[in-house]
Amino acid sequence: MRLLPHAPLLYRSWLAASLLVPLLVAGNAVAQLQPPQQTQQPLTLASDPAVLARAALGAERGTLVVGTLRNGQAAYGAAYNPEPPSAPRAIASGSAEQPMFEIGSVTKVFTGLLLAQAVQRGDLKLEDTVGKLLAGKVEGLSPAVASVTLRQLVTHTGCMPVMADGVTGGAPLVEQFHSFDKPLFWAALARIRLTAAAPPCEGAYSNFGMALLGQLLAEHYETSWGELVRARITEPLGMNDTVITLGDKASRMAPAFAGDRRQPLFDMQAYAPASALRSTAADMMTFSRAVLAGANGPLGPAAARMLTPLARYEGAEIGYAVMVRGPEGGRRTYYHAGVTEGYRTLWLLAPDTGEAMIVLSSNARAPMQSVMLAIGKSRYPVPTTEVPLDPKRLDDYKGEYRVTKSKSLSFAVRSGRLLVRETGRGYSALTPTGADRFAVTAIGAQVVFRRDASNAVVAVSLMQGGSQLDGRRVGEAAAVTQE
């Protein structure tokens with residue numbers, strides 16, 4: 001779940017929104033031009049999970065548990081702040097030994113899997129529309145809203161807003177998550193305003209759209225979304241600690257924080273398909289194993305289907321609510337991240353190596369970026385060796401390059417170095433690595449400029465963590481003060 005628009009804790013991408021960045025929690029590839037805090041040793045999926053946990057929690061309060069899967073074996077590590085007075089028990093694989101956390105928008109992956117199962121069974125089609133599925137149930141839908149398809153909802157390409165009624169963040173967003181029951185939700189759908197005249201749209205994250213998808217599935221099967229998750233995913237897999245309602249498990253929830261401030265649990269009703277699940281590292285490792293097992297595993301062909309790319313999204317691709325990084329036919333990474341008022345989560349699969357990772361934090365401000373970016377750099381390395389470049393050639397690259405409707409990259413020259421900044425952020429220095437090629441070494445990003453037939457620089461590509469954003473030159477960059 002994303003609580004604020006365009007904020008790092010939203011994890012809009014990863015690897016370019018972190019590596020994982022959600023986080024992510026949340027920003028797009030460009031949003032990670034700010035260097036992460038350095039760690040002593042490079043972090044990878046093979047790192048000790050306790051080391052990963054300490055790096056991901058940093059100096060923030062709370063509890064953070066990391067689970068990793070490697071060579072068929074699950075391992076767990078934890079970090080605590082403050083440290084308990086006596087050494088805590090080792091995190092064991094049994095769910096009963098593990099603290100519970102809100103997993104935020106990682107819940108969307110479960111909604112995506114439910115759709116993959118429905119399509120696999122032939123119960124629904126990706127091109128089924130909102131209007132078809134709600135015929136006779138919800139009145140007053142605009143033709144544009146009625147035309148939105150299940151494919152567009154599960155890939156965030158349905159032109160749906162982040163939330164209903166123009167809400168984008170802050171207290172109104174929290175209140176809407178808490179207060180919307182089904183009648184309020186359906187009423188909001190009847191007055192929803194799409195972000196464009198008609199779908200499909202450029203991928204734009206939507207909590208409302210994913211909640212709508214989950215409620216459509218529930219209506220189709222004449223049950224609740226939570227019951228679908230229990231009957232079709234968690235109960236068959238034995239994920240007994242992955243729930244919406246805590247009941248007698250409430251005491252196992254890791255106390256939640258945002259920085260130093262305690263936070264309440266984040267309960268919701270109609271928005272449940274977007275962010276309502278609570279879970280443990282052990283349960284999420286069980287889920288990861290099932291997905292990695294593919295068509296021959298306990299989830300059957302739907303496990304493979306859910307990872308199938310369906311649309312372009314933030315410089316890469318998206319499957320059934322699963323973010324996809326890496327080239328087709330090459331090394332691919334699948335992930336989702338999430339954040340609530342007091343928790344932050346990252347779930348990641350690397351099928352090429354059979355690895356998986358879950359990061360569960362009880363602090364919404366846990367600095368997971370260093371872990372996300374380090375893993376992204378290890379899986380998708382870029383050249384970083386500096387190649388001498390005549391400073392006079394740097395003027396070729398100066399200017400503004402539009403990469404999305406709302407984001408651009410600006411390049412400027414200062415003290416003989418080429419600098420880059422994303423809209424709304426500060427400048428970072430680039431290291432020349434080849435002809436028209438540069439690197440932001442701290443975050444494992446590569447910038448490649450492209451020329452036209454007259455040898456003028458007209459475009460740029462930003463590659464990071466298995467994603468690529470392309471931009472066309474649209475103007476001159478603002479002047480940068482010389483130091």
With sequence neighbours left out, write down each residue that passes side chain to side chain contact (heavy atoms under 4.5 Å, CB included) with Thr157, or none if nothing qualifies.
-> Gln152, Thr155, Ala311
Would you find more than 12 non-hydrogen atoms of other residues, nucleotides or ligands less than 6.0 Å from Arg193 atom CZ?
-> no
Heavy-atom closest pair, residues Glu355 and Leu292 | O-CD1, 4.0 Å
Does one side chain, of Tyr320 or Thr111, offer a donor that lies under 3.5 Å from an acceptor on the other?
-> no
Pairwise ring pair (Phe, Tyr, Trp, His ring centres under 6.0 Å) hits with a residue in residues 131-154, at least two apart = none
Can Asp165 and Arg191 be counted as an ion pair, charged N to O under 4.0 angstrom?
-> yes
Gln464 (side chain) donor-acceptor with Ile443 (main chain) under 3.5 angstrom = yes
Going through the checks in order, is the side chain to side chain contact (heavy atoms under 4.5 Å, CB included) test met by Val148 and Thr129?
-> CA-CA 5 Å; Val148 175; Thr129 64; over 6 Å; no
With a 4.5 Å limit on heavy-atom distance, are the side chains of Ile375 and Leu45 in contact?
-> yes
Of all the heavy-atom pairs spanning Val109 and Ala321, show the shortest one and how long it is.
-> CG2-O, 4.0 Å
So do the side chains of Ile318 and Leu310 get within less than 4.5 Å of each other, counting heavy atoms only?
-> no
Apply side chain to side chain contact (heavy atoms under 4.5 Å, CB included) to Met368 and Leu64, showing your working.
-> CA-CA 10 Å; Met368 293 183 180; Leu64 191 144; 4.3 Å; yes
Return each pair, listed once, that meets disulfide (SG to SG under 2.5 Å) where at least one residue sits in residues 247-343; pairs must be two or more places apart or across chains.
-> none
Listing, residues 208-216 side-chain donor-acceptor contacts under 3.5 Å, not counting sequence neighbours, or none:
from, atom 1, to, atom 2, distance (Å)
Gln215, NE2, Ala270, O, 2.9

Evaluate the criterion side chain to side chain contact (heavy atoms under 4.5 Å, CB included) for residue pair Phe101 and Ser361; output intermediate values, then yes/no.
-> CA-CA 7 Å; Phe101 302 79; Ser361 171; 5.6 Å; no
Within the side chain of Gln98, is there an N or O that forms a donor-acceptor pair under 3.5 Å with the backbone of Ala281?
-> yes
When rounded to the nearest 0.5 angstrom, what distance separates CG in Leu115 from NZ in Lys125?
-> 14.0 Å
Polar side-chain atom of Thr286 near backbone of Ala282 as donor-acceptor pair, under 3.5 Å | yes
Report the distance from atom CE of Met463 to atom CG of Asp470, rounding to the nearest 0.5 Å.
-> 8.5 Å
Distance-minimising heavy-atom pair for Ala55 and Leu43 = CB-CD1, 3.8 Å
Tell me the disulfide (SG to SG under 2.5 Å) pairs involving residues 301-352, sequence neighbours left out?
-> none
Electrostatic pair Arg344:Glu102 at N-O distance under 4.0 angstrom | no
Could you tell me whether Glu202 and Lys405 make a salt bridge, using a distance below 4.0 angstrom between a side-chain N and a carboxylate O?
-> no
NZ (Lys182) with more than 12 external heavy atoms under 6.0 Å | yes
Write out all pairs satisfying ring pair (Phe, Tyr, Trp, His ring centres under 6.0 Å) with one or both partners inside residues 103-154, taking only residues at least two apart or from two chains.
-> Phe110-Phe287
Set of side chain to side chain contact (heavy atoms under 4.5 Å, CB included) partners for Val243, sequence neighbours left out | Met100, Leu246, Lys249
Got a donor-acceptor contact below 3.5 angstrom from the Asn363 side chain to the Arg61 backbone?
-> yes
Atom of Lys108, atom of Ala274 and distance for their closest heavy-atom approach | NZ-O, 2.9 Å
So, for Pro49 and Thr68, which heavy atoms are closest and what is the spacing to 0.1 Å?
-> CG-OG1, 4.0 Å
When you measure from the side chain of Ser288 to the backbone N and O of Met284, does any donor-acceptor pair fall under 3.5 Å?
-> yes
Do the side chain of Tyr335 and the main chain of Ala350 share a donor and acceptor less than 3.5 angstrom apart?
-> no
Take Arg261 and Glu341, measure what salt bridge (Lys or Arg N to Asp or Glu O under 4.0 Å) needs, and give me the verdict at the end.
-> CA-CA 10 Å; Arg261 296 181 61 182; Glu341 287 189 287; over 6 Å; no
Quick one: do the Tyr401 and Arg472 side chains pair a donor with an acceptor below 3.5 Å?
-> no
Listed by chain and number, what are the side chain to side chain contact (heavy atoms under 4.5 Å, CB included) partners of Ser142, not counting sequence neighbours?
-> Ala144, Val145
Validation row, ring centre His178 to ring centre Phe266 under 6.0 Å | yes
Could you tell me whether the side chain of Thr107 and the main chain of Leu277 form a donor-acceptor pair under 3.5 Å?
-> yes
Residues in salt bridge (charged side-chain N to carboxylate O under 4.0 Å, His left out) contact with Arg232, at least two apart in sequence or another chain = none
Would you tell me whether Ser408 and Glu400 have side-chain atoms, one donor and one acceptor, within less than 3.5 Å of each other?
-> yes
Applied to residues 129-175, the ring pair (Phe, Tyr, Trp, His ring centres under 6.0 Å) test, sequence neighbours excluded, yields His156-Tyr205, His156-Tyr313
Charged N to carboxylate O below 4.0 Å: is that the case for Arg230 and Glu235?
-> yes
When Trp186 is tested against each of Leu134, Leu141, Asp181 for side-chain contact (heavy atoms from CB on, under 4.5 Å), which residue passes?
-> Leu134
Would you confirm whether Arg421, through its side chain, and Gly426, through its main-chain N or O, come within 3.5 Å as a donor-acceptor pair?
-> no
Quick one: do Glu127 and Arg151 satisfy salt bridge (Lys or Arg N to Asp or Glu O under 4.0 Å)? Show the steps, please.
-> CA-CA 6 Å; Glu127 306 315 315; Arg151 178 192 297 270; 2.7 Å; yes
For the side chain of Asp241 and the backbone of Thr280, is there at least one donor-acceptor N/O pair under 3.5 Å apart?
-> no
Would you sort out whether Arg278 and Asp267 count as a salt bridge (Lys or Arg N to Asp or Glu O under 4.0 Å), showing the intermediate values?
-> CA-CA 10 Å; Arg278 286 82 181 240; Asp267 295 313; 2.7 Å; yes
Side chain to side chain contact (heavy atoms under 4.5 Å, CB included) assessment of Val66 paired with Leu360 | CA-CA 6 Å; Val66 172; Leu360 298 167; over 6 Å; no
Please list all pairs passing the disulfide (SG to SG under 2.5 Å) test where one or both residues lie in residues 118-232, with sequence neighbours left out.
-> Cys159-Cys201
Consider only side-chain N and O atoms of Thr242 and Asp283, and report whether a donor and an acceptor are under 3.5 Å apart.
-> yes
Quick one: does Ser362's side chain have a donor or acceptor within less than 3.5 Å of a partner on Tyr343's backbone?
-> no
Can you run down the disulfide (SG to SG under 2.5 Å) pairs that involve residues 259-349, sequence neighbours left out, and say none if there aren't any?
-> none
Where is the tightest heavy-atom contact between Arg325 and Ala316, given as atom of each residue plus distance?
-> NH1-CB, 3.0 Å
